Amino acid sequence: MAAHSRGHPAMRERGFSPAGTSPYWWIRPCAGSILFLSLLFLFLFTAAAASAAAPEEEKFTEELLLRPLPDRKALAYFHFRSSAPPAASVGRHHHLFPKAISQLVKKYHISELELSFTQGRWNYEQWGGFDPMSTNNAKPPGVELWGFKLNEGNLRYGALPREAVCTENLTPWLKLLPYRDKAGIASLLYRPSIYKGYYHSQKLKLRSSQSLGIILDQTLTVVLQPNTVSGEQLHSNHGQLQPNWSMRHLFNRKLSGKCLVSKSSRVFIEVDKGIVDNVNKSGSDLSWSNEFFVLSNSPDKLIKGQNHVEIQSSFLYVYDASNYTEEKPLDVGITWKLPLVWTCTPSPFHASRFLMGSGNERGSIALSFMSTNLHKQISGSPTDCSIKAVIFQVVPWYVKVYYHSLEIFIDGSRKTVSEVVDKIHVIPSEDKLLPGTLEMLLRFPCSMQSGTLTLDFDRGFLHIDEYPPDANQGFDIPSALVSFPEFSSARSYPEIDPVLGSPLLENFQEDSVVKSYTEVLLVPLTTPDFSMPYNVITFTCTVLALYFGSLLNALRRRIGEEERELKKTVVILKKWQLLASILYRKFVDELF
Amino acid sequence: MLAMAEIAGDEAPTPPPPISGEVSTDPYTSTPASTGSNNPPLRTTKPGVKRLILTASVLLSFLVGLPFLLKSTEIHRSPLPSDAITALAHRLHSTPPSFPCGLHAVFLRSVPDRSDASLTRRLEQSISAQLQLLPATSTAGNVSVSVTVESAGGCSSSSSNVDSGWQCGTVTSADLVIGDEVFDELLHSALGSGGGDGSRVYTVVVVEVDDAEGMRIVVGKHRHAWVVGKADEVKAVSVIGKVFAKYFMNGGIEEGEAGIGKGEFMPVGSDGNVVLSFSLLNADPSDWVYDWDFEKIGERMLNPVVEALRPIAEINIESQVLYHTPKSSYSYSDDKLGGNVLSMGDIPFFVNSNEWHLDTSISATGRSKVLQFVVYIPSARECPLYLQLPDGRLSKTNAFISPMWGGVLIWNPPDCSLDSKKTHGTRKKMSSQELMETIEIFIGQLRQLFGLKPSYLSQNMDMPTKFVVSEKGFTEWELDLLYRHHARSNLLSCLTTLESLSSLVRSLPRMIVMDEIGRQVELSLEAANLAQGNATLGISDSSAVYATRARALAEDAFFHPSIMSISYASIEHYFAIYMPFFAPVSLHVLLAAIKELKRYKAERAKYSAFLASQATSS
């Protein structure tokens, strides 16, 4: 299973481009957090095609999308785009675009970079796994970085699964916006509200090319529990109204106008396919005030969204923030009239990853796929069809994976590797240098209900200096990425005016495959007693000192003489004893 | 008692105790009298030295091995050339770098005059004497003077070694009518390329014009000045001396004034890089938003300055526009002055480091320096905003500098006094005229940050003085001055760094010193020597370049990351590793040696007593 230094041409065409790796790493702590540790390097992926023609001057747009979620939560998605046209002055003279970013791009010749800081895990069952939101903005916990340099085929990847994300990461991110959080949509980012959520992912994505200039997309995805009066939540389950919420409930803030330098400033309220279907079934139309819910403000525009198979999938209510001012702030919200139960479209398989085995020596990693029966919903496809899935996984070198031990079980029965695996690409790990990388193209039968892949591994030993602080906590294996190349999460908005120029919707229209991240794994390794070196030193030295001392004594002692000395001391002691008893007797005599 | 009894019981199988007075059967020792006899213990045989030699040799081998152990466990320390550093320090302190330069005085006489060698020699001597009287500057070395007297009758020069390249007959007093700027260029061409490489030669031309009233001084943008007017010899000589000493040597900085040569600091990073970061701050963009075309106008105006200062520093120019950047000091409204007024006392609090995110430049990594130049656009509430001088007047430029940090200019937008509601929420551009004026003020501030006068308007020199302004922002003689001071201060700073490094290394014997540090120190010393060598030749610009390099290398050595590794080789660590073995073993060895030595002495005493008793008895 030798590693190929270049990806297979066919795989590259499909968008998967394994390439060579570099043993060094570049990262600018632009989020203020200290990124030391074992970063993992490698390769991968190409990005979505760049969009739009080159702009003439630096532009900035701000957008916010709000969406009710089936589990009584609400999703808020902030999207800020700054773009700089290609010019000689890039990196030196800027008006809106952050100088720091353009200098970074210029210095390191970055053509693409995506850095995300995430707290919490995206709930693929409840919050959806088939829409642009989950595909592009559901990120693994901790820090993840994809990088791609100009004129160089190598893509680099790094992940810090245990990095805690906090306001200290948000502040430098905000500094890249022209108005920071002083005005416009970013002023909604009230820290106690947005850090109270269930999921928090801030992302920085930049693309640069000769024709495009630099495009910087900053997004923040938060899942919040609407802060409503508890009395409304008394009823349980069915027949229960969804919580009513508005911006003020979610963020403790209202939107008082746009950021003046932004080209467009919009707020979207998106209702899911599930709600749309329910409303359509009931026969009412999807105006902002219908049988099921009512929005607090009348929208400026309505946009119908379609998914890739031209099915009406979602509905967008658009508000232009420039129509609102300090005196008349925007506080858009949703009020439910009837109880509504719906589900989000899941990805074809639900992927999860876990560890098997016991002890500190070896174990196995298992990746399980549970079918969501999506193919039945989408098309009544024949039973002999198959679904492709690509697994990309990076394993640190101290978890020594035996790739030949790959076993595949489909619906409980064991299959040979060639039956399921179409292509496999492995870069074995190198000790203290390179993490192992596994990329597989699998083909599952549509009828499969559950499938499992297992890989055996040995737990390696690290040098005593290489253990991080608190080594007993265990070591993290970054999330594996599972993508389904036959499924595209792109939306299309047939009614949309191209002049509208919404980067948020542009991103949603981009063709991107459905993908999901698995859990982070925690592998406990055998940790040594860290005081051991000193213990060994002291113990060895004591033994040596004892040996040396006794040897020296044996060489110089005079046994015969010492024995005579001993006897002599005994004689002297006896004399003293006699003297003492005489004195004692005298003393006793005088006393009585 | 019981223990004693037991011991007593144990001795049963041993031979009976010796009888008093008897000589022991032991070949080595005699048993001392145990029954209270007063006879000294005797010994019939010579005491053996086997065990003594054994213990002594063990002890010795330990002592011999100790240096080897220390050698094998010592950490790597690259030898620093501390002798060379001390030599450099000695050289710099005894003879500070001084740049020899020349003064060439040219007298253009309108009347045909008998000009002979004695006149020029006399003038030369009197100018030299005049220069002795004027206060010397720190960087000026020997000044060699030469005089040329040119008249209709001829041209005679003193036979001095100063080569100013003056070509007789090129310039006449009639040329004055063409204007100062053109005359300046004419003089420059007349002087040719004199002093191009060697020491700098400054020329003062005295143009005698009969019909002029009084005298007038013009200082050109190259290395010359001219005096126009009717003057007798004494007056002319004193003016020449003053112009040379005050401007060409001191940049017009008076005694007691802050400026070049007074403070040691130059706003240049220790690696010789400077970033000039220009920021346009919109204090409150909800009132108005201004933008500028800095990349076109700013670059065009600043590029000559960047070129001129290249021997001192590698300058990069950046610009950005920032929003929501309120100032952090309070201003008060003053109806009499028609606006809001900020007094001098509030200026230290003007820069709001919480909200002004100025410090983002990737080219300012490491130890290079960023100079911030900030245009502050006040919000509608505080507009127009003026700076008030301590004497109650308003600042003409509405700007201030902060040494080593940069400068701030308050720019009141033109529609400031109008109703702000009318302009609400629009993006406007600073007009190019206003931007050019702003950059001119910033160039003045840059001059000031480098220790020069922002302008010479307020100079008094007994007579009208004019300065020809260079489009570079700095005239040639000013640049000479900067190079000299820069070379000198960099050499001194390099020396301080090297001395600190050398004393640090000496004071921390457990510090690892990498070979690279040693190499950097050597290179730095080499560059410093070159800078000093060039200084003695008077080549100020290349001396400045070498001094910059010397300082950068010295700083690189001092801030080398490996110096941080000191904590990993601490003396505690060392002891913790070697103590568990050496403490118990050395105790054994020492005690054994001492005991053996003591015993040997005692036994030898017994033996000698025995020998003595033998001698007396026989």
Side-chain angles (χ1 to χ4, degrees), chain A residues 28 87-89 91-104 106-107 175-176 178-183 257-261 322 326 533-534 537-542 544-546 548-550 552-553 555-558 560-561 563-564 566-575 577, chain B residues 1 4 7-8 10-11 14-15 17-18 24 26 28-29 31-32 34-35 50-52 54-55 58 277-278 280 285-286 289 291-292 294-295 298-299 316-324 355 357 360-363 425-427 576-585 587-589 592 595-596:
Chain A
R28 182 183 159 86
S89 63
R92 294 171 58 223
H93 301 288
H94 287 283
H95 303 267
L96 287 173
F97 197 83
K99 197 168 73 176
I101 292 291
S102 65
Q103 287 178 342
L104 187 77
K106 203 176 171 188
K107 180 161 182 184
K175 270 195 208 172
L176 303 176
Y179 276 28
R180 302 193 298 288
D181 57 348
K182 299 285 177 193
K258 65 175 244 179
C259 160
L260 275 175
V261 291
S322 51
E326 193 105 34
Y534 277 115
I537 287 169
T538 5
F539 187 72
T540 321
C541 289
T542 313
L544 279 174
L546 275 175
F548 191 87
S550 49
L552 195 69
N553 270 338
L555 280 173
R556 67 154 272 273
R557 276 176 72 183
R558 299 167 175 85
E561 189 183 318
E563 274 172 356
R564 280 198 301 278
L566 193 68
K567 272 177 217 151
K568 212 162 59 193
T569 45
V570 169
V571 172
I572 292 166
L573 276 170
K574 273 189 173 172
K575 280 184 185 170
Q577 195 185 338
Chain B
M1 293 288 153
M4 285 304 162
I7 291 167
D10 280 351
E11 67 190 42
T14 55
S24 165
D26 188 304
Y28 300 113
T29 63
T31 317
S34 52
T35 50
K50 251 192 282 170
R51 283 174 166 81
L52 181 66
L54 185 94
T55 49
V58 171
S277 171
F278 293 85
L280 180 70
S286 55
V289 180
D291 203 349
W292 59 5
F294 193 89
E295 52 261 54
E299 293 263 295
N316 286 304
I317 296 168
E318 290 175 1
S319 79
Q320 59 184 343
V321 184
L322 298 175
Y323 309 88
H324 280 290
E355 305 277 358
H357 300 291
T360 50
S361 178
I362 208 161
S363 41
T426 50
R427 288 178 72 183
I577 289 169
Y578 292 105
M579 279 295 270
F581 179 69
F582 282 97
V585 166
L587 206 71
H588 272 296
V589 174
K595 268 187 182 168
E596 222 32 61

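We use all heavy atoms of the structure for the numbers below, so side chains are in, but hydrogens, waters and symmetry mates are not. First the proteins, then the strands, lettered A, B, ... as listed; each starts at 1. Treat the numbers as computed from the prediction; the structure is a model and nothing was measured.
Distance check: B:S277 OG to A:K99 NZ gives 3.5 Å after rounding to the nearest 0.5 Å. To the nearest 0.5 Å, atom NZ of residue A:K175 and atom CG of residue B:L322 are 11.0 Å apart. Between atom SG of residue A:C541 and atom CE of residue B:M579 there is a gap of 11.0 Å, rounded to the nearest 0.5 Å. With values rounded to the nearest 0.5 angstrom, A:H95 atom NE2 is found 9.0 Å from B:W292 atom CH2.
Nearest heavy-atom pair, B:P580 versus A:T538, reported as atom, atom and distance to 0.1 Å: CG-CG2, 3.6 Å. When all heavy atoms of B:A576 and A:Y534 are compared, the closest pair comes out as CB-CE2, 3.9 Å. Pairing each heavy atom of B:Y323 with each of A:R180, the nearest pair is O-NH1, 3.4 Å.
For A:F548, the part lying near chain B is the side chain, with the backbone staying farther off; criterion is any non-hydrogen pair under 4.5 Å. Of the two parts of A:F539, neither the backbone nor the side chain holds a non-hydrogen atom closer than 4.5 Å to a non-hydrogen atom of chain B. Only the backbone of A:R557 has a heavy atom closer than 4.5 Å to any heavy atom of chain B. Of the atoms belonging to B:I317, heavy atoms from both backbone and side chain fall under 4.5 Å from chain A.
Ranked by non-hydrogen atom pairs under 4.5 Å with chain B, the options A:T542, A:I537, A:L552, A:T540 are led by A:L552. Most heavy-atom pairs under 4.5 Å with chain A: of the set B:L587, B:V58, B:V585, B:L280, this distinction falls to B:V585. Of the listed residues (B:E355, B:R51, B:E596, B:H588), the greatest number of heavy-atom pairs within a distance under 4.5 Å of chain A belongs to B:R51.
Using bins of under 30°, 30° to 60° and over 60° for the plane-to-plane angle, the ring pair A:Y179/B:H324 lands in the perpendicular bin.
No side-chain donor-acceptor contact under 3.5 Å links A:R556 to the backbone of B:K595.
For the pair B:P285/A:K182, no side-chain contact is recorded, criterion being any heavy-atom separation below 4.5 Å from C-beta on. With contacts defined as side-chain heavy-atom distances shorter than 4.5 Å, the pair A:L260/B:R427 does not qualify.
Screening B:E295, B:E299, B:Q320 for a side-chain hydrogen bond (donor to acceptor under 3.5 Å, both in side chains) with A:R92, the sole residue that qualifies is B:E299.
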